[in-house]
*Asks:* 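Below is one structure. I have some questions about it.
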Amino acid sequence: MAFDEQLAERVRGVLASAGMTPTEKKMFGGLSFLIGGNMCCGVMGADLLARVGPNAASGALAEPATRPFDMGRGPSAGWVVIAPGGIATDAALTVWVNRALAFATSLPPK
């Protein structure tokens, strides 16, 4: 699966604005952004993958344009996929990336 390079560039901009320098790694058929060795978010096709954590996932999934992240073995706890409609504006993308960033930075570095 190819990933949306424009969305990846937008994610890079949000992370840079937050003072983060992520490591990028091709994973899940897309591009993942790691902070301190921990997966933060990623781009899969035209969707954003956000790691919000198990405690925040149910609230995140109640929002429009979201669905569970499932690689074929059932939903992954703490992960949410946001369709393009949910990240169409820079403000909306920033909210999602910051949510993922908050969880990633709460984890000990690897």
*Asks:* Could you tell me which residues satisfy side-chain hydrogen bond (donor to acceptor under 3.5 Å, both in side chains) with R12, sequence neighbours excluded, listed by chain and number?
*Replies:*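 Testing R12 for side-chain hydrogen bond (donor to acceptor under 3.5 Å, both in side chains), a comparison that skips the adjacent residues, returns E5, E9, E24.
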
*Asks:* Specify the closest pair of heavy atoms between A56 and V52, including all atoms of both residues, with the distance to one decimal.
*Replies:*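 Answer, listing the atom of A56 first, then V52: CB-O, 3.6 Å.
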
*Asks:* Partners of R10 by side-chain contact (heavy atoms from CB on, under 4.5 Å), sequence neighbours excluded?
*Replies:*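 side-chain contact (heavy atoms from CB on, under 4.5 Å) check on R10 returns L7, D90, L93.
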
*Asks:* Is any side-chain heavy atom of P84 less than 4.5 Å from a side-chain heavy atom of D47?
*Replies:*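 The answer is yes; the side chains approach within 4.5 Å.
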
*Asks:* Quick one: SG on C40 to CZ on F33, what's the gap to the nearest 0.5 Å?
*Replies:*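 Going from the SG atom of C40 to the CZ atom of F33 covers 9.0 Å.
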
*Asks:* Testing the basics here: between V97 and C41, what is the closest heavy-atom pair and its distance to 0.1 Å?
*Replies:*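 In this case the closest contact between V97 and C41 is CG1-SG, 4.4 Å.
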
*Asks:* Which pair of heavy atoms, one from A46 and one from D4, lies closest together, and at what distance?
*Replies:*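 So the two residues come closest at CA-CB, 4.0 Å.
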
*Asks:* Run the side-chain donor-acceptor check on residues 103-110: report pairs under 3.5 Å with partners two or more places apart or on a different chain.
*Replies:*
from	atom 1	to	atom 2	distance (Å)
T105	OG1	L101	O	2.9
T105	OG1	A102	O	3.3
S106	OG	F103	O	2.6

*Asks:* Give the C-alpha distance, both sets of side-chain angles, the deciding distance and a yes or no for side-chain contact (heavy atoms from CB on, under 4.5 Å) between F3 and L49.
*Replies:* CA-CA 11 Å; F3 62 91; L49 172 62; over 6 Å; no

*Asks:* Is there a side-chain contact between M44 and F69, using heavy atoms and a 4.5 Å cut-off?
*Replies:*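 M44 vs F69: side chains touch.
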
*Asks:* Rounded to the nearest 0.5 Å, how far apart are OG1 of T94 and CD1 of I87?
*Replies:*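 It comes to 11.0 Å.
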
*Asks:* Give every donor-acceptor pair under 3.5 Å between a side-chain atom in residues 74-83 and any protein atom, sequence neighbours left out.
*Replies:*
none

*Asks:* Could you list the donor-acceptor pairs under 3.5 angstrom formed by side chains in residues 15-23, with sequence neighbours left out?
*Replies:*
from	atom 1	to	atom 2	distance (Å)
S17	OG	G13	O	3.0

*Asks:* Could you pull out all residues at least two apart from D70 that satisfy salt bridge (charged side-chain N to carboxylate O under 4.0 Å, His left out)?
*Replies:*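 For D70, no residue satisfies salt bridge (charged side-chain N to carboxylate O under 4.0 Å, His left out) once neighbours in sequence are set aside.
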
